[in-house]
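Some notes on the structure that comes next.
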Amino acid sequence: MLLELRAEAETGLTEALDVLGHPADDLGIERPPDDVDAVLASSVAFRLAEAASRPPPAVAANLADAFDTDGCEYIERVRARGPYLNVIPSERYAEATLAGAVQDGYGHLDRRETSVVVEHTSANPTGPVHVGRARNPIIGDAIASVLEYAGYDVERHYYVNNAGRQVATLAWAYEQFDETALPDPERDKPDYDLVRYYRKGTTFLEEGPEAAVTEAEAEIQSIMRGLEQGDETAYDRVSVAVEATLSGMRETLDRLPAPFDEFVRETRFMRDGSTDDVVARLKTTDHAVYEEDAWQLDLPGIEKNLVFLRSDGTSLYTTRDLAHHEWKLDRFDRAVTVLGEDHELQARQLRATLDLLGHDTDRLDTIHFSWVNLPEGGMSTREGTGVDLDDLLDEAVRRARAEVEQRLDGRMRDDDLSEADIDRIARQVGIGAVRYDIVARQPRKVITFEWERALDFEAQSAPYVQYIHARASGILAEAGATPAPGAVDTTTLTTDAERTLLREIARFPAVIEEAADGLEPHLIATYTREFAEAFNGFYRECPVLDAPEETRRARLALVAAARTTIANALDVLGIAAPDSM
RNA sequence: GGGCACGUAGCUCAGCCCGGACCAGAGCGUCGGACUUCUAAUCCGACGGUCGUGGGUUCAAAUCCCACCGUGCCCGCCA
């Protein structure tokens with residue numbers, strides 16, 4: 001509802017500025033501090049003061065007088081307070097907020113008729129997903145969801161690298177080594193099974209006898225060339241190992257869950273000729289250079305040449321990724337990619353090259369996140385250092401379960417949780433805590449992984465937010481029927497706590513819009529925390545079930561609206577909203 | 001060496017893009033309080049900060065610009 005009110009405020013303010021002969025290019029609309037009873041404010045008066053040769057408060061007072069609220073549905077009035085203009089909402093604003101927020105889809109913005117593909121994770125299928133990578137699916141999935149809420153047609157893609165050196169090495173190692181020479185797998189899952197061959201293989205290439213290594217390198221090269229030439233045998237050899245590994249990785253990602261609409265395989269762009277086509281076009285550009293037997297691009301503003309064809313005539317990952325991106329731009333209006341910070345240069349080169357090929361790169365967005373490190377250093381699949389995501393999720397659920405059981409005794413609510421409930425809550429809370437911990441921070445910040453911090457179940461965590469959903473659910477279940485929003489008198493909601501909660505509910509769609517515009521899902525996490533504080537304030541101050549009839553009805557509607565709001569906000573973050581905890 | 005990021009309470013972060021009522025907000029930790037009352041994974045209070053450093057722009061700077069310092073990532077015919 002804040003979005004509608006803001007639209008009214010913008011129109012009204014523009015008119016008022018016009019009437020007084022001020023420029024209306026910067027309205028200075030902002031969120032007022034919590035202790036001001038306005039829902040929106042403007043600081044334009046500061047900027048107008050000099051030209052008007054009057055102090056800001058005087059300008060603000062004039063603007064407040066000139067603001068015509070006659071046509072406004074949601075604005076009661078606009079008043080000056082010092083140099084600021086404060087927008088005071090009407091009772092209709094409260095009514096419309098409640099009516100809007102009890103709808104299941106609350107927070108979904110109007111459809112935009114714009115398609116966007118969100119590519120995320122795309123980890124090399126060489127072994128289990130480790131925590132160092134975990135930011136990618138969690139941030140990526142949240143970005144996809146927030147765009148869906150904002151009205152875009154979204155597809156989630158995982159780009160499978162099944163053509164590079166890494167997977168050729170895996171395929172070779174899988175054929176080369178006997179299982180008896182390998183350690184037992186850490187889990188009974190194909191990715192844990194296969195990664196043993198991969199690690200054995202990379203160690204062999206680094207430390208094995210020279211002649212044997214040369215032979216192995218030749219074999220790996222031949223697999224790569226086979227793929228390049230569309231050789232079915234080479235493709236099958238790689239597929240056996242890659243697809244098995246990928247299935248194990250998908251199983252782990254499903255636990256988050258991080259669903260995908262499509263797994264796009266790199267080889268697709270080799271087999272359909274589009275990579276050759278890109279190479280042919282690149283050779284004809286002014287920036288193409290042939291140096292040291294390899295075709296390269298000397299890109300403007302980029303210090304490093306981009307090799308797009310090796311001296312042996314084979315393509316590189318980036319070459320295929322160019323074809324992949326042309327494919328995406330051809331099918332979608334926008335393409336968002338979530339990548340690690342180590343891919344920064346590559347992403348810049350990709351963008352510059354697509355630009356060179358005549359594409360509108362404004363349709364492209366890249367979000368970079370920094371690594372999750374261990375206190376002792378980085379994580380690596382190849383070296384086998386790091387914490388597997390499976391282990392983190394298991395431990396999270398285990399600790400959450402211990403927490404539920406410990407709280408069982410002191411439980412005030414006599415609703416006897418069943419074994420199945422305990423299981424459900426442990427899963428919702430445990431995995432939710434991991435996701436929240438990651439999605440709540442700006443992707444650029446480096447994270448050092450520590451068990452206690454990642455699995456903190458207190459304030460500023462998923463359970464803190466989930467708890468208010470459970471509380472709201474409890475009240476509504478106890479009450480039985482929830483009154484229709486049209487049948488309640490919002491004027492009975494008079495306390496600060498009620499008004500603050502209402503204000504937070506009304507803000508949700510505006511938060512979605514802001515998070516979607518900037519591709520910043522952490523804004524939603526911040527919002528859920530502030531929302532939870534507002535709800536807890538209400539919960540403390542305002543009894544619902546024991547309130548006088550009129551008040552009770554209004555508060556029940558408010559609780560119902562709060563519940564949908566927080567459920568949907570959590571939904572954006574991919575975090576479950578438990579009915580009981 | 002070059003490029004790109006990050007630097008806010010003891011610790012972990014939000015605020016920075018779009019400068020204004022923030023002479024800075026949370027959480028954790030520490031200390032003290034609140035369960036016969038809709039779930040205490042909650043709430044209330046106290047203590048705690050030269051917003052890395054120095055300059056600049058502005059009526060106004062945590063926020064914009066410059067320099068410097070520290071940290072991370074990248075600088076492969078790997079991905």
Side-chain angles (χ1 to χ4, degrees), chain A residues 26 28-30 32-33 35-36 41 43 45-47 49-50 55-56 81-84 86 122-124 126 161 163-167 169 266 291-296 302-304 307-312 314 316-318 321 340-346 348 368 370-371 373 378 400 403-404 406-407 410-415 425 429 433 437 440-442 444-448 450 452-453 456-468 470-479 518 520 522-523 525-526 529-530 532-533 536-537 539-540 542-547 555 559 580-581:
Chain A
D26 180 3
I29 302 275
E30 57 190 59
D35 55 354
V36 172
S43 59
F46 280 108
R47 268 144 281 157
E50 196 176 349
R81 180 166 143 183
Y84 293 94
N86 286 331
S122 305
N124 282 351
T126 50
N161 168 6
R165 193 188 149 77
Q166 270 83 344
V167 293
T169 303
E266 197 179 354
E291 283 174 14
E292 297 175 42
D293 298 332
W295 280 94
Q296 322 191 3
I302 294 179
E303 58 282 4
K304 182 82 195 149
V307 175
F308 64 91
L309 201 61
R310 290 191 180 96
S311 48
D312 68 358
T314 59
L316 292 89
Y317 174 86
T318 320
D321 204 23
E341 61 178 341
D342 54 334
H343 285 61
E344 200 128 32
L345 176 61
Q346 184 216 319
R348 276 203 300 139
H368 292 280
S370 300
W371 293 117
N373 289 318
E403 203 78 17
V404 181
Q406 188 195 321
R407 285 165 208 274
R411 201 173 167 80
M412 291 178 66
R413 194 177 170 82
D414 55 349
D415 59 354
I425 296 166
V429 166
D437 186 57
R441 307 190 219 190
Q442 293 199 32
R444 273 298 185 179
K445 308 255 182 169
V446 175
I447 296 181
T448 300
E450 287 165 78
E452 318 77 62
R453 191 153 292 134
D456 179 10
F457 295 148
E458 287 181 3
Q460 286 192 2
S461 67
Y464 174 75
V465 178
Q466 291 173 313
Y467 191 58
I468 70 156
R471 276 181 156 178
S473 300
I475 293 173
L476 294 172
E478 200 91 9
E520 297 175 296
H522 79 275
L523 295 179
T526 304
R529 201 201 72 225
E530 289 170 353
E533 279 164 14
N536 281 326
Y539 187 89
R540 182 179 68 249
C542 306
V544 177
L545 299 174
D546 297 336
R555 285 181 178 169
V559 172
S580 64
M581 279 174 73

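Labels below follow one simple rule: chain letters A, B, ... track the order of the sequence lines, proteins then strands, and each chain is numbered from 1.
Among the heavy atoms of the strands lying under 4.0 Å from A/V429 is at least one base atom, whether or not backbone atoms are also near. Within the 4.0 angstrom heavy-atom criterion, base atoms lie near A/F457. Within 4.0 Å (heavy atoms only), A/A41 reaches at least one base atom of the nucleic acid. In this structure, A/L316 reaches the sugar-phosphate backbone alone: every heavy-atom distance under 4.0 Å involves primed, P, OP1 or OP2 atoms, never a base. Among the protein residues, A/D437 comes within range of no part of the nucleic acid, since none of its heavy atoms lies under 4.0 Å from any strand. In this structure, A/P32 reaches the bases: a heavy-atom distance under 4.0 Å links it to at least one base atom across the strands shown. At a threshold of 4.0 angstrom between heavy atoms, the contacts of A/V167 with the nucleic acid are absent.
Contact annotation: A/R407 side-chain N/O to B/A41 OP1/OP2 distance is under 4.0 Å. Put simply, A/R47 has no side-chain N or O that comes within less than 4.0 Å of OP1 or OP2 on B/C59. Contact annotation: A/Y539 does not reach the phosphate of B/C44 (side-chain N/O to OP1 or OP2, under 4.0 Å). OP1 or OP2 of B/C13 sits under 4.0 Å from a side-chain N or O of A/R441. Under 4.0 angstrom from either OP1 or OP2 of B/A41 there lies at least one side-chain N or O belonging to A/Y467.
Considering only residues two or more places apart in sequence or on other chains, A/E341 meets the salt bridge (Lys or Arg N to Asp or Glu O under 4.0 Å) condition with none of them. Residues passing the salt bridge (Lys or Arg N to Asp or Glu O under 4.0 Å) test with A/E530, sequence neighbours excluded: A/R31, A/R507. Residues satisfying the side-chain hydrogen bond (donor to acceptor under 3.5 Å, both in side chains) test with A/Q460, not counting sequence neighbours, are none. For A/I447, the side chain to side chain contact (heavy atoms under 4.5 Å, CB included) partners are A/R135, A/V372, A/R441, not counting sequence neighbours. Listed by chain and number, the residues in a side chain to side chain contact (heavy atoms under 4.5 Å, CB included) with A/P543 are A/R555 (sequence neighbours excluded). Taking A/R471 as the reference, nothing meets the salt bridge (Lys or Arg N to Asp or Glu O under 4.0 Å) condition, with sequence neighbours excluded. Taking A/T318 as the reference, A/L306, A/Q346 meet the side chain to side chain contact (heavy atoms under 4.5 Å, CB included) condition, with sequence neighbours excluded. Annotation: side chain to side chain contact (heavy atoms under 4.5 Å, CB included) contacts of A/E452 (sequence neighbours excluded): A/E450. For A/R540, there are no side-chain hydrogen bond (donor to acceptor under 3.5 Å, both in side chains) partners two or more places apart in sequence or in a different chain.
Between the side chain of A/T448 and the backbone N or O of A/N373, no donor-acceptor pair lies under 3.5 Å.
Below the 3.5 angstrom threshold, one finds no donor paired with an acceptor across the side chain of A/N536 and the base of B/A40.
The interatomic distance linking A/L345 (CG) with B/C74 (C1') rounds to 7 Å, in whole Å. One atom, CG of A/L545, and another, C1' of B/U37, lie 12 Å apart when rounded to the nearest Å. The CD1 atom of A/I447 sits 15 Å away from the P atom of B/C73 (whole-angstrom rounding). Put simply, CD on A/E303 is 12 Å from P on B/G2, counting in whole angstrom units. Nucleotide B/C74 holds its C1' atom 11 Å from the CD atom of A/Q346, rounded to whole Å. B/G2 atom P lies 18 Å from atom CD of A/E344, rounded to whole Å.
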Please list each protein N or O that sits under 3.5 Å from an N or O in nucleotides 27-29 of chain B, with the distance.
{"residue": "B/G27", "atom": "O4'", "partner": "A/Q460", "partner atom": "NE2", "Å": "3.0"}
{"residue": "B/G27", "atom": "O2'", "partner": "A/A459", "partner atom": "O", "Å": "3.2"}

For nucleotides 15-17 of chain B, tabulate all protein N/O to nucleotide N/O atom pairs closer than 3.5 Å, reporting atom names and distance.
{"residue": "B/G15", "atom": "OP1", "partner": "A/H522", "partner atom": "NE2", "Å": "2.8"}
{"residue": "B/G15", "atom": "OP2", "partner": "A/Q442", "partner atom": "NE2", "Å": "2.3"}

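For the C1' atom pair drawn from B/G72 and B/G55, the interatomic distance equals 26 Å after rounding to whole Å. Between B/C64 and B/C78, the distance separating the two C1' atoms is 40 Å to the nearest Å.
Between A/N161 and A/T448, the one whose closest nucleotide on RNA chain B sits nearer the 5' end is A/T448. Taking the nucleotide of RNA chain B with the nearest heavy atom to each of A/V36 and A/R165, the more 5' of the two is matched to A/V36.
Ion pairing between A/E344 and A/R348 fails under the 4.0 Å rule for side-chain N and carboxylate O.
Between A/K445 and A/S370, the shortest heavy-atom distance links the atoms O-CB, 3.8 Å.
Stems are defined here as 3 or more consecutive Watson-Crick or G-U wobble pairs with pairing distances under 3.5 Å; those involving RNA chain B are B:1-7 with B:69-75, B:10-13 with B:25-28, B:30-34 with B:42-46, B:52-56 with B:64-68.
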